[in-house]
Amino acid sequence: MSYNGVGLASARGSGTSGFVQRSLASALPEASDALDAPVQLPRPRPRHPDIVLHERRMAIESKLYDIQEELEAAGVSDAQIASRVAAERALRYAKLAVPEQLPSRE
């Protein structure tokens with residue numbers, strides 16, 4: 001069952017037929033002009049607009065959270081924090097030029 005010392009001495013109990021194949025992984029490619037050619041990398045795909053918009057909104061909300069934390073650490077009342085954060089949110093979303101609410105997908 002072995003071939004040049006490679007393989008099973010007996011296929012009994014191995015759950016295989018004992019057939020020995022040569023390894024194609026060790027075969028070296030032939031030298032060709034294709035190896036000298038520059039590698040063509042795939043073009044990067046354009047980012048989906050919804051994902052870009054989502055990332056911008058998340059950056060805004062992260063900044064608003066930081067503002068809220070700073071105001072809480074300064075001891076500002078909850079009502080004043082809510083009003084300042086809401087005003088800042090409206091300002092930042094206006095600069096983003098999109099509505100604050102996600103559009104419904106109906």
Side-chain angles (χ1 to χ4, degrees):
M1 288 266 115
S2 65
Y3 177 74
N4 286 342
V6 177
L8 302 170
S10 171
R12 292 179 57 123
S14 68
T16 67
S17 67
F19 184 76
V20 177
Q21 296 180 333
R22 71 183 183 122
S23 174
L24 297 177
S26 63
L28 297 175
E30 294 181 19
S32 67
D33 295 332
L35 295 176
D36 298 332
V39 177
Q40 292 289 334
L41 296 176
R43 289 186 326 164
R45 291 174 42 188
R47 298 181 67 195
H48 196 279
D50 288 343
I51 294 174
V52 173
L53 181 61
H54 175 74
E55 289 177 351
R56 289 179 183 166
R57 287 179 176 163
M58 291 305 297
I60 289 173
E61 292 299 325
S62 175
K63 290 174 186 174
L64 292 174
Y65 182 75
D66 292 340
I67 291 170
Q68 180 179 348
E69 289 292 315
E70 290 174 6
L71 292 174
E72 287 176 355
V76 180
S77 70
D78 290 341
Q80 289 178 339
I81 291 174
S83 66
R84 287 185 187 178
V85 169
E88 188 69 26
R89 179 177 284 122
L91 177 69
R92 290 181 186 257
Y93 274 104
K95 288 180 183 178
L96 187 61
V98 294
E100 292 183 37
Q101 299 290 329
L102 286 175
S104 62
R105 295 188 177 220
E106 295 178 356

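- Between Leu64 and Glu88, some side-chain heavy-atom pair lies under the 4.5 Å cut-off.
- Residues passing the side chain to side chain donor-acceptor pair (under 3.5 Å) test with Glu61, sequence neighbours excluded: Arg89, Tyr93.
- Crowding of Asp66 atom CG: a count of heavy atoms from other residues, nucleotides or ligands under 6.0 Å exceeding 12.
- Going from atom OG of Ser77 over to atom CD of Glu72 covers 11.0 Å, rounded to the nearest 0.5 Å.
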Discussion item. Please evaluate residues Arg57 and Leu96 with respect to the criterion side-chain contact (heavy atoms from CB on, under 4.5 Å), reporting the C-alpha separation (whole Å), side-chain torsions for both, the decisive distance (0.1 Å), and the verdict.
Written reply: CA-CA 8 Å; Arg57 287 179 176 163; Leu96 187 61; 4.1 Å; yes
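- Here the side chains of Ile67 and Arg84 are not in contact, with every heavy-atom distance at 4.5 Å or above.
- A distance of 11.5 Å separates CZ of Arg45 from CZ of Arg43, quoted to the nearest 0.5 Å.
- When hydrophobic clusters are built by joining Ile, Leu, Val, Met, Phe, Trp and Tyr residues whose side-chain heavy atoms come closer than 4.5 Å, directly or via intermediates, Tyr65 is not grouped with Ile60.
- In plain terms, the two heavy atoms of Val76 and Ile81 that are nearest each other are O-CD1, 3.4 Å.
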